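It should be emphasised that the depicted structure is a prediction, and the values quoted were computed from it without experimental measurement. Keep in mind that the numbers below use all heavy atoms, side chains included, and drop hydrogens, waters and symmetry copies.
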Amino acid sequence: MDNYGLDIHGQMLLEEYRSTLPTFELLKQIVTQKLGELICQSGVEVNSMEARIKAEDSLAGKLHRKGHKYNSLNDITDIFGARIITFYNEDVDRIASMAETIFDIDWPNSVDKRKQHEFNSFGYNSLHYICKIPKTLYQNSQHPELNSIYFELQMRTALQHVWSAIQHDIGYKTDIETPMEYHRSLSRLAGLLELADNEFSRIRNSISDYRRRAQSLVQSGKLDEVQLDGDTFQSYLSLRPFDKLNQKIASITRAEIHEANLRPYLSVLKLLGMNTLADVEKLQKDNFDDAYQLALYQLGSTDIDILAENVGIQNLCIVYILKSGGGKIGLMRLFNQVNGTMPQNEILASMVMEQASRLSFMNTR
């Protein structure tokens with residue numbers, strides 16, 4: 001069996017590693033399972049979670065370089081390692097906080113490399129915990145040694161991971177003699193990645209604040225202060241603003257209203273010049289009766305017993321387009337937007353034009 005040219009002490013540690021591999025495999029299984037469950041429950045979205053057991057030749061190289069530092073295999077804390085890569089800085093801290101709740105952390109030997117830089121220096125950023133599995137989390141009578149094995153848990157953002165990969169690929173070390181021009185270039189790159197990390201977090205937090213403010217304004221009815229966009233429209237729809245019109249239309253044939261996706265109408269409303277939710281409210285207020293009259297003409301002589309809940313908003317848009325002089329072309333744009341472009345939309349637009357031409361709102365313009 002290859003001893004890699006190690007001294008007797010190194011060979012003994014390598015033999016211990018070989019005999020302990022099944023325990024490391026179990027450790028890997030338990031750690032990844034527990035971390036995966038924790039992340040899933042928290043709702044934190046991560047880029048990836050990795051786990052590996054150090055390969056024998058890699059461990060042999062480490063023992064060759066500094067095997068004298070280790071009295072036993074338990075002194076080597078990175079034989080098994082797990083890495084969680086997040087999208088945002090604050091999620092690194094959230095993952096770390098969760099890890100602290102389930103693992104025993106060796107604080108003196110854990111390190112937050114994000115805090116090791118001077119104010120004018122940039123470089124590798126990552127949070128490294130040295131951990132053990134406590135018996136309260138998991139124990140196995142056949143492998144009691146499992147609870148005494150240390151492992152390394154690395155937590156970093158995707159951009160921090162990119163920097164680490166770049167460092168590794170080019171073999172860059174800040175403590176070796178390298179021409180200053182390379183140090184400066186790499187430091188600028190590290191600074192840009194750190195700035196990007198912070199900006200992504202700032203933008204996400206700003207967007208979350210905007211959504212909360214918009215939801216508060218929608219709930220309080222201050223719709224004139226709320227710009228019409230995807231987030232605010234979704235909040236508006238949660239108030240079910242078209243239910244009254246839908247129910248009145250459904251009463252024509254005593255039909256049931258079935259759920260439908262109203263999101264495609266956001267782009268229609270934008271095309272019609274709606275800029276705020278107050279504009280959408282005005283659309284409904286000004287055209288409610290005419291939208292009902294159009295539905296009455298369409299359904300009055302039928303026995304339709306199922307209607308989609310987009311019937312109200314669609315008729316409101318139809319009436320608005322026709323009152324505004326949009327005519328057949330405007331109706332075709334509406335149907336192309338919500339149904340997808342298809343030849344049948346021209347036929348549908350012509351049919352609606354014919355129906356509406358008989359109604360009072362078209363004859364009093």
Applying a strict under-4.5 Å side-chain criterion to I, L, V, M, F, W and Y, I'd like to know whether [X] and [Y] cluster together.
| X | Y | value |
| --- | --- | --- |
| Y297 | F288 | yes |
| Y210 | L223 | no |
| I39 | I85 | no |
| Y320 | L296 | yes |
| I130 | I149 | no |

Please tell me if the side chains of [X] and [Y] come closer than 4.5 Å, counting only heavy atoms from C-beta onward.
| X | Y | value |
| --- | --- | --- |
| Q139 | N147 | yes |
| F24 | L73 | yes |
| E45 | Y88 | no |
| N310 | F242 | no |
| L294 | L322 | no |
| V226 | V218 | yes |
| I313 | L262 | yes |
| Q293 | F361 | no |

For the residue pair [Y] / [X], report whether a side-chain donor-acceptor contact shorter than 3.5 Å exists.
| X | Y | answer |
| --- | --- | --- |
| E281 | Y236 | yes |
| E152 | T77 | no |
| Y17 | E56 | no |
| N74 | E145 | no |
| S350 | K328 | yes |
| D197 | T157 | yes |
| S126 | Q160 | no |
| R156 | Q154 | yes |
| Y4 | Q11 | no |
| Q33 | Q29 | no |
| S201 | E90 | yes |
| D290 | Y292 | no |

Which distance, rounded to the nearest 0.5 Å, do you find between the [atom1] of [X] and the [atom2] of [Y]?
| X | Y | atom1 | atom2 | answer |
| --- | --- | --- | --- | --- |
| L159 | L192 | CG | CG | 10.5 Å |
| I133 | L26 | CD1 | CG | 7.5 Å |
| K62 | L14 | NZ | CG | 13.5 Å |
| S42 | M98 | OG | CE | 3.5 Å |
| R18 | L59 | CZ | CG | 9.5 Å |
| I30 | T23 | CD1 | OG1 | 11.5 Å |

Side chain to side chain donor-acceptor pair (under 3.5 Å) between D229 and T232, intermediate numbers included:
CA-CA 5 Å; D229 60 34; T232 59; 3.0 Å; yes
Is it true that, when you exclude [X] itself, more than 12 heavy atoms of the residues, nucleotides or ligands shown sit nearer than 6.0 Å to its [atom1]?
| X | atom1 | result |
| --- | --- | --- |
| R52 | CZ | yes |
| F200 | CZ | no |
| R204 | CZ | yes |
| K282 | NZ | no |
| E199 | CD | yes |
| D303 | CG | no |
| M12 | CE | no |
| L195 | CG | yes |

Using the salt bridge (Lys or Arg N to Asp or Glu O under 4.0 Å) rule, take K28 and E25 through it: C-alpha gap first, then chi angles, then the decisive distance, then the call.
CA-CA 5 Å; K28 177 182 175 182; E25 291 290 350; 5.0 Å; no
Check whether [X] reaches the backbone of [Y] with its side chain - one donor and one acceptor, N or O, closer than 3.5 Å.
| X | Y | result |
| --- | --- | --- |
| D75 | S72 | yes |
| E309 | A260 | yes |
| S58 | A55 | no |
| S97 | R94 | no |
| T276 | A278 | yes |

Among I321, V280, D279, which one satisfies side-chain contact (heavy atoms from CB on, under 4.5 Å) with L272?
I321
Looking at D106 and K132, is any side-chain nitrogen of the basic one under 4.0 Å from a carboxylate oxygen of the acidic one?
no
Check: F151 ring centroid to F103 ring centroid under 6.0 Å
yes
Passes side chain to side chain contact (heavy atoms under 4.5 Å, CB included), S208 versus R212? Steps please.
CA-CA 6 Å; S208 295; R212 282 191 288 268; 3.9 Å; yes
Heavy-atom pair with the smallest gap, counting every atom of A51 and T32:
CB-CG2, 3.5 Å
